[in-house]
Amino acid sequence: SYYHLLPKITNFALNTNLNLMVEDINRLKVVLAEKKKTNKWLAEQLNVNPTTVPKWCTNSNQPDLHTLSRIAKLLSVGIKDLLNDVKYSL
């Protein structure tokens with residue numbers, strides 16, 4: 001019987017669907033370009049690994065809210081300026 005696999009399959013399907021539905025959550029790449037700042041500069045200012053910021057810029061990972069607030073201050077923008085209007089649908 002395959003019933004024991006159902007929770008794992010359901011979890012995988014849900015996570016996959018959510019990832020497909022959520023595209024660009026943040027606008028960090030755009031705002032950095034507008035402010036003429038680099039990924040390296042932001043990583044140095046935040047004291048994070050240089051590979052972290054590019055992941056945020058491609059939306060493969062997201063900064064936490066505290067970090068997002070720090071980024072907004074560093075770039076002299078509002079937090080809303082760093083975010084796209086994302087609609088979730090299930």
Side-chain angles (χ1 to χ4, degrees):
S1 169
Y2 295 103
Y3 288 112
H4 70 284
L5 294 176
L6 195 55
K8 289 181 182 179
I9 293 169
T10 303
N11 242 358
F12 173 77
L14 180 59
N15 289 337
T16 302
N17 285 337
L18 285 176
N19 287 338
L20 291 175
M21 286 185 276
V22 176
E23 294 180 7
D24 291 344
I25 294 173
N26 76 62
R27 301 179 62 247
L28 186 54
K29 183 177 182 176
V30 173
V31 177
L32 280 171
E34 290 172 352
K35 297 292 182 172
K36 297 181 175 36
K37 300 292 184 185
T38 64
N39 293 351
K40 181 181 176 187
W41 173 84
L42 185 57
E44 288 170 354
Q45 299 303 306
L46 296 171
N47 197 28
V48 297
N49 189 307
T51 62
T52 301
V53 175
K55 290 177 185 175
W56 295 338
C57 288
T58 59
N59 281 275
S60 58
N61 283 344
Q62 298 299 323
D64 61 38
L65 290 175
H66 175 72
T67 304
L68 200 62
S69 175
R70 291 178 60 206
I71 293 168
K73 286 178 186 171
L74 287 166
L75 295 173
S76 301
V77 298
I79 291 176
K80 285 186 176 183
D81 297 321
L82 296 174
L83 300 173
N84 281 316
D85 186 18
V86 177
K87 304 283 190 252
Y88 293 93
S89 60
L90 294 175

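Pairs engaging residues 38-47 under the side-chain hydrogen bond (donor to acceptor under 3.5 Å, both in side chains) rule: none recorded [sequence neighbours left out].
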query: Step by step, would you call Thr52 with Asn61 a side chain to side chain contact (heavy atoms under 4.5 Å, CB included)?
result: CA-CA 8 Å; Thr52 301; Asn61 283 344; over 6 Å; no

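Residues passing the side chain to side chain contact (heavy atoms under 4.5 Å, CB included) test with Val30, sequence neighbours excluded: Arg27, Glu34. The side-chain hydrogen bond (donor to acceptor under 3.5 Å, both in side chains) search around Gln62 returns Asn26, Asn59, not counting sequence neighbours. Among residues two or more places apart in sequence or in another chain, the side-chain hydrogen bond (donor to acceptor under 3.5 Å, both in side chains) test is passed with Thr51 by Asn49. Thr58 is linked by a side-chain hydrogen bond (donor to acceptor under 3.5 Å, both in side chains) to Ser60, counting only residues two or more places apart in sequence or in another chain.
Annotation: the span from Leu46 atom CG to Trp56 atom CH2 amounts to 5.5 Å, rounded to 0.5 Å. To the nearest 0.5 Å, atom CG of residue Leu28 and atom CG of residue Leu83 are 10.0 Å apart.
When all heavy atoms of Lys35 and Val77 are compared, the pair lying nearest together is CE-CG1, 3.6 Å. Minimum heavy-atom separation, Pro50 to Ala43: CA-CB, 4.0 Å.
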For residues 63-72, tabulate all N or O donor-acceptor pairs below 3.5 Å that involve a side-chain atom, not counting sequence neighbours.
residue, atom, partner, partner atom, Å
Asp64, OD1, His66, N, 3.2
Asp64, OD1, Thr67, N, 2.7
Asp64, OD1, Thr67, OG1, 2.8

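Hydrophobic clustering keeps Leu75 apart from Ile25 (ILVMFWY residues linked when any side-chain heavy atoms are closer than 4.5 Å, directly or through intermediates).
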